[in-house]
Enquirer: 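Attaching a single structure in structure tokens format; questions to follow.
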Amino acid sequence: KVTALEALAASGALESVGLGRREGLWAAGALAEIRPDRLALSPGVSAPTLPGLEPEEEARLERWATGVSMTHPVQFIRERLAAEGCLTCMQAVELQQHGKRVRVGGIVTHRQRPGTARGIIFFNLEDETGLLNVVVFPDIWEQQREVARKNPGVTVEGTLEFNDGVTNLVARRFHPWKVAEVTSRNFR
């Protein structure tokens, strides 16, 4: 019962009855104590004055409570990525320039290693603007394996491949960055 009330509060569902996320989380414990065999007296339901949530904290609570968020995690570090010279996934796709060297930051949503691909690994890199296909050749995979395999948040340096209207990023180097509570779906 407490977990359900906390999830409702964390998702923002109690805002319609005047309880913000923090206040709702505070009240969840006390409200869980109300049962038919007890008097409806819940000490501690009223929260003390609490600081507001940062947008990143709200997004994390939404993901915890509902499994989704209206805000993409990369959005919170976009300024830093831009300062490092990273394009968004959409910018990379829209370039439509074969052979252009770029740097793109995002979250790896899938890693695949088909048995028929001769050791080539395929990634989907996602940010707040969309998806970008990433191709990793076996030699680069061996050199960059620790970063490329274990980190959901990465910056990928490589060369754009644009053929028949499809853009891929052929990876040369990976750099990690921390993504709170986000995981990738990987090959086994």
Side-chain angles (χ1 to χ4, degrees), residues 3 6-16 19-26 28 50-97 100-112 121-136 140 144 146-162 165-187:
T3 304
E6 287 175 341
L8 285 170
S11 71
L14 300 179
E15 289 175 357
S16 64
L19 284 177
R21 292 173 201 254
R22 281 197 196 269
E23 294 80 12
L25 285 167
W26 179 275
L50 299 168
L53 291 168
E54 295 294 321
E56 189 171 1
E57 291 173 307
E58 282 190 14
R60 243 193 325 264
L61 283 174
E62 285 174 356
R63 277 193 307 277
W64 171 79
T66 66
V68 296
S69 174
M70 297 301 291
T71 309
H72 198 283
V74 176
Q75 182 175 324
F76 299 113
I77 66 160
R78 176 52 57 203
E79 279 186 36
R80 188 183 92 199
L81 291 173
E84 293 174 5
C86 289
L87 300 176
T88 66
C89 290
M90 181 182 288
Q91 288 170 329
V93 169
E94 288 177 342
L95 279 175
Q96 297 183 356
Q97 288 186 342
K100 174 118 174 117
R101 294 203 57 127
V102 297
R103 175 182 260 199
V104 182
I107 293 174
V108 178
T109 59
H110 295 79
R111 292 179 183 89
Q112 301 174 10
I121 310 294
F122 299 95
F123 285 12
N124 287 105
L125 191 67
E126 177 183 284
D127 68 9
E128 72 277 24
T129 67
L131 288 170
L132 178 63
N133 299 319
V134 179
V135 179
V136 187
I140 301 299
Q144 301 284 306
E146 286 301 305
V147 174
R149 184 169 181 263
K150 295 183 178 179
N151 294 283
V154 293
T155 299
V156 183
E157 294 178 32
T159 306
L160 289 178
E161 188 179 72
F162 181 71
V166 177
T167 300
N168 294 310
L169 175 58
V170 179
R172 297 284 174 237
R173 186 152 183 80
F174 293 88
H175 304 278
W177 49 270
K178 185 169 175 52
V179 179
E181 302 168 18
V182 176
T183 59
S184 302
R185 292 182 293 274
N186 300 317
F187 54 83

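For this chain, numbers begin at 1 and follow the sequence in order.
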Enquirer: Taking the side chain as everything from C-beta on, heavy atoms only, tell me whether His175 gets closer than 4.5 Å to Glu84.
Expert: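 No, side chains not in contact.
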Enquirer: If I compare all heavy atoms of Asp127 with all of Arg78, which pair ends up nearest, and what's the gap?
Expert: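 Minimum heavy-atom contact is OD2-NH2, 3.0 Å.
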Enquirer: Looking only at non-hydrogen atoms, find the nearest pair between Ala92 and Val104 and report the distance.
Expert: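 In terms of heavy atoms, the two residues are closest at CB-CG2, 3.9 Å.
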Enquirer: Does Thr109 offer a backbone N or O that forms a donor-acceptor pair with the side chain of Glu126 under 3.5 Å?
Expert: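 Checking the backbone N and O of Thr109 against the side chain of Glu126, no donor-acceptor pair under 3.5 Å is found.
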Enquirer: Provide the closest heavy-atom pair for Phe174 versus Gln144 in the form atom of the first, atom of the second, distance.
Expert: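 It is N-OE1, 2.9 Å.
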Enquirer: Does Phe122 reach the side chain of Val135, with side-chain heavy atoms less than 4.5 Å apart?
Expert: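 Phe122 reaches Val135 side chain to side chain.
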Enquirer: Using a 4.5 Å cut-off on heavy atoms from C-beta on, say whether the side chain of Arg172 contacts that of Ile140.
Expert: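 Ile140 reaches Arg172 side chain to side chain.
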Enquirer: Where is the tightest heavy-atom contact between Thr155 and Cys86, given as atom of each residue plus distance?
Expert: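 In terms of heavy atoms, the two residues are closest at CG2-SG, 3.4 Å.
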Enquirer: Between OG1 of Thr129 and CD of Gln75, what distance do you get to the nearest 0.5 Å?
Expert: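 Here the interatomic distance stands at 11.0 Å.
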Enquirer: Is there a side-chain contact between Arg111 and Val136 (heavy atoms, below 4.5 Å)?
Expert: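 Sidechains of Val136 and Arg111: no contact.
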Enquirer: Between Phe123 and Leu131, is there a side-chain heavy-atom distance shorter than 4.5 Å?
Expert: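 Sidechains of Phe123 and Leu131: no contact.
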Enquirer: Given Leu132 and Val156, is the side-chain contact (heavy atoms from CB on, under 4.5 Å) satisfied, shown in steps?
Expert: CA-CA 11 Å; Leu132 178 63; Val156 183; over 6 Å; no
Enquirer: Shortest non-hydrogen contact from Ile107 to Trp177?
Expert: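 Scanning both residues, the minimum pair turns out to be CG1-CH2, 4.0 Å.
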Enquirer: Where is the tightest heavy-atom contact between Leu125 and Gly105, given as atom of each residue plus distance?
Expert: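 Looking at all heavy atoms of both residues, the closest pair is CD2-C, 4.3 Å.
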Enquirer: Step by step, work out the side-chain contact (heavy atoms from CB on, under 4.5 Å) result for Leu160 and Leu169.
Expert: CA-CA 5 Å; Leu160 289 178; Leu169 175 58; 4.1 Å; yes
Enquirer: One pair to check against side-chain contact (heavy atoms from CB on, under 4.5 Å): Asn133 and Asn124. What are the steps and the verdict?
Expert: CA-CA 5 Å; Asn133 299 319; Asn124 287 105; 3.4 Å; yes
